[in-house]
**Q** 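Take a look at the following structure, please.
Start at 1 with the first residue, then count along the sequence. Hydrogens, waters and symmetry mates are skipped; everything else that's a heavy atom, side chains included, is used.
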Amino acid sequence: MAVMGLRRPLTVADLVAAAAFWVLIVVQVDLTVQLRRRHPMHEIVDRVNENAGPYIGLVMAYPTEEMALLTSGLFLPSPDISSVDLAGRTFNIGKIRGVDVIYVMTGEQTINAATAVQILLDAFDIRGIVHYGIAGSTNNSLSYGDVSIMNYVALTASWKWKEFKSEEGPLTTLQFGDFNFPKKGENLLALVEFTPVELFSTGKPMQEVFWLPVDSHWFSIAAQLQGLKLEQCINETYCLPETPKVVYGLKGSSADVYLDNEAYRDFLFKQLNVSTVDEETAAVIMTCLTNAVPCIAFRGVSDMAGGKGRALSGSLSSLASANALIVAVEFIGLIPKEGSVYIQ
């Protein structure tokens, strides 16, 4: 027997080898299932998936962001199983405005965010991820309490550090000498290139990408959130001078760095057109892209990332979290109940 594309006819030995390969694959899958069944929480997780769902995964990173949800009274815990602890994180099961939701606080920075989202997707029946939280602003048109609905986010901690006297390539570069003070000049730190990341996704070959897109269908739905009324006052005695607004279609960036530097803030906005900075969004979106699960992110401005302006108090940070939550909750109510998985 001959098969097109092969240099020689298949032999009985070939067929036996192929059969053995597929038997090995089946055995490995079966062993994986058995190992999963041995997990002490597997019966509880199965009950969660059988009792309701598919769920919207609601993801935040900081205690302030979780507190905004808890104090809002919008999340109603499930009367059957209200939470499941997996890998050191608590996955909370309930409803928001009648929609089945599982929320988790991931912890700070990219690794924690990606790990928590992957666990959420692996363990539970999730039809999409809604991410909200606070961010620094690199865009002077954004004010405290504003909420950005991003269409793209980049991992701006992926660098190639170049040698001194290296020539600039096609990628965006940061020349350290440009920031010498009091005047520009050469610097032994030379320059770094912002490099793309490797994106592995279901049913597609590996791609090198710099800008990670949110789900296009969900982003289109989120256009309805423009003009949404946000909170302006922290309490009865103090309000922001301007009413915060929802801003649609900006770019964001993530890195395991708390940005509090005006020069680098301005660089990100001028060179990459980045409007908000945080430590988790890129990891959340990348994990969802890998698993072909729709995802969207909402970030409330809590500080100016080192720009001019008065530093925020903890209360103002709470206001930014509350406004991001308002937008996230309104979006959850807009998600179609059928046909909810959209491959980008």
Side-chain angles (χ1 to χ4, degrees), residues 61 106-118 129 131 133 135-139 148 150-180 184-216 219 249-293 295-297 299 305-306 344:
T106 65
E108 301 176 25
Q109 302 187 335
T110 54
I111 291 179
N112 279 326
T115 300
V117 172
Q118 189 62 59
I129 298 292
H131 176 46
S137 169
T138 56
N139 183 340
S148 171
M150 288 173 274
N151 55 353
Y152 291 95
V153 64
L155 184 66
T156 50
S158 179
W159 290 354
K160 178 185 291 185
W161 213 303
K162 308 284 283 187
E163 293 182 0
F164 184 58
K165 298 288 188 181
S166 293
E167 294 183 1
E168 291 189 28
L171 303 174
T172 300
T173 58
L174 170 62
Q175 292 266 9
F176 288 98
D178 290 346
F179 299 92
N180 282 0
K184 296 181 181 181
E186 293 185 330
N187 190 303
L188 290 177
L189 289 175
L191 73 157
V192 294
E193 287 183 340
F194 288 80
T195 57
V197 295
E198 294 183 346
L199 175 62
F200 296 86
S201 53
T202 303
K204 298 179 182 179
M206 185 275 289
Q207 305 172 70
E208 289 192 343
V209 298
F210 186 77
W211 292 109
L212 300 165
V214 304
D215 182 82
S216 58
F219 181 68
L250 299 180
K251 290 181 177 179
S253 73
S254 299
D256 288 343
V257 176
Y258 179 82
L259 179 55
D260 189 18
N261 182 277
E262 186 175 6
Y264 189 59
R265 169 191 190 268
D266 293 345
F267 171 86
L268 287 176
F269 180 70
K270 292 175 181 177
Q271 298 298 320
L272 296 173
N273 198 26
V274 162
S275 292
T276 57
V277 290
D278 64 68
E279 300 181 33
E280 298 85 22
T281 301
V284 172
I285 292 177
M286 189 169 182
T287 305
C288 291
L289 288 170
T290 293
N291 290 274
V293 172
C295 180
I296 196 164
R299 286 282 181 164
Q344 301 189 83

**Q** What is the distance from atom CD of Gln109 to atom OG1 of Thr115, rounded to the nearest 0.5 Å?
**A** 12.0 Å
**Q** So, for Thr276 and Ala135, which heavy atoms are closest and what is the spacing to 0.1 Å?
**A**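 In this case the closest contact between Thr276 and Ala135 is CB-CB, 4.0 Å.
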**Q** Could you tell me whether a side-chain N or O of Thr290 sits under 3.5 Å from a main-chain N or O of Phe200, the two making a donor and an acceptor?
**A**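 Judged by distance alone, yes, a pair lies under 3.5 Å.
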**Q** Strictly distance-based, threshold 3.5 Å: is any side-chain N or O of Ser201 a donor or acceptor partner for the main-chain N or O of Leu289?
**A** no
**Q** Going by side chain to side chain donor-acceptor pair (under 3.5 Å), name the pairs with one or both residues in residues 151-163, residues two or more places apart or in two chains.
**A** Ser158-Thr195
**Q** Does anything in residues 268-290 form a salt bridge (charged side-chain N to carboxylate O under 4.0 Å, His left out)? List the pairs, not counting sequence neighbours.
**A**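 Listed by first then second residue: Asp278-Arg299, Glu280-Arg299.
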**Q** To the nearest 0.5 Å, how far apart are OG in Ser137 and CG in Leu259?
**A** 10.5 Å
**Q** What's the shortest heavy-atom distance between Val284 and Ala113, and which atoms?
**A** CG2-CB, 4.0 Å
**Q** Do the non-hydrogen side-chain atoms of Glu262 and Asp266 ever get within less than 4.5 Å of each other?
**A** yes
**Q** Between Ile285 and Pro213, what is the shortest heavy-atom contact and its length?
**A** CG2-O, 3.5 Å
**Q** Run Leu268 and Ser253 through side-chain contact (heavy atoms from CB on, under 4.5 Å) and show every step you take.
**A** CA-CA 9 Å; Leu268 287 176; Ser253 73; 4.3 Å; yes
**Q** Verify, without hydrogens or angle tests, whether Asp256 (side chain) and Thr110 (backbone) share a donor-acceptor contact under 3.5 angstrom.
**A**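 At least one qualifying donor-acceptor pair exists.
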**Q** Might you work through the side-chain contact (heavy atoms from CB on, under 4.5 Å) test for His131 and Thr281, ending with a clear yes or no?
**A** CA-CA 8 Å; His131 176 46; Thr281 301; 3.5 Å; yes
**Q** Apply the test side-chain contact (heavy atoms from CB on, under 4.5 Å) to residues Cys295 and Asp215: give CA-CA distance (whole Å), side-chain angles for both, the deciding distance (0.1 Å), then the verdict.
**A** CA-CA 6 Å; Cys295 180; Asp215 182 82; 5.6 Å; no
**Q** Looking only at heavy atoms, what is the nearest atom pair of Leu212 and Met286, with distance?
**A**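 Closest heavy-atom pair between Leu212 and Met286: CD1-CB, 3.9 Å.
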**Q** As an exercise, state the distance from OH of Tyr264 to OG1 of Thr138, rounded to the nearest 0.5 Å.
**A** 10.0 Å
**Q** Using every non-hydrogen atom in the two residues, find where Val197 and Leu155 come nearest and quote the distance to one decimal.
**A**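 Minimum heavy-atom separation between Val197 and Leu155: CG1-CD2, 3.8 Å.
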**Q** Hey, is CG on Leu189 packed in by over 12 heavy atoms from elsewhere, all under 6.0 Å?
**A**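 Yes, the 6.0 Å shell around CG holds more than 12 heavy atoms from other groups.
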**Q** To the nearest 0.5 angstrom, please state how far the CG atom of Asn273 sits from the CG atom of Leu250.
**A** 8.0 Å
**Q** Is there a side-chain contact (heavy atoms from CB on, under 4.5 Å) between Asn291 and Gln118 once you walk through the steps?
**A** CA-CA 9 Å; Asn291 290 274; Gln118 189 62 59; 3.0 Å; yes
**Q** In Å, rounded to the nearest 0.5 Å, how long is the span from CD of Glu198 to CD of Glu208?
**A**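 Glu198 atom CD to Glu208 atom CD measures 5.5 Å (nearest 0.5 Å).
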**Q** Can you tell me how far OG1 of Thr172 sits from CZ of Phe210, rounded to the nearest 0.5 angstrom?
**A** 6.0 Å
**Q** Hey, which of Thr173, Leu174, Leu171 is the one that makes side-chain contact (heavy atoms from CB on, under 4.5 Å) with Phe194?
**A** Leu174
**Q** Do any N or O atoms from the side chain of Asn139 and from the backbone of Phe269 form a donor-acceptor pair under 3.5 angstrom?
**A** no
**Q** For a quick test of reading the model, state the closest non-hydrogen atom pair linking Asp260 to Gly306 and the distance between them.
**A** OD1-CA, 3.3 Å
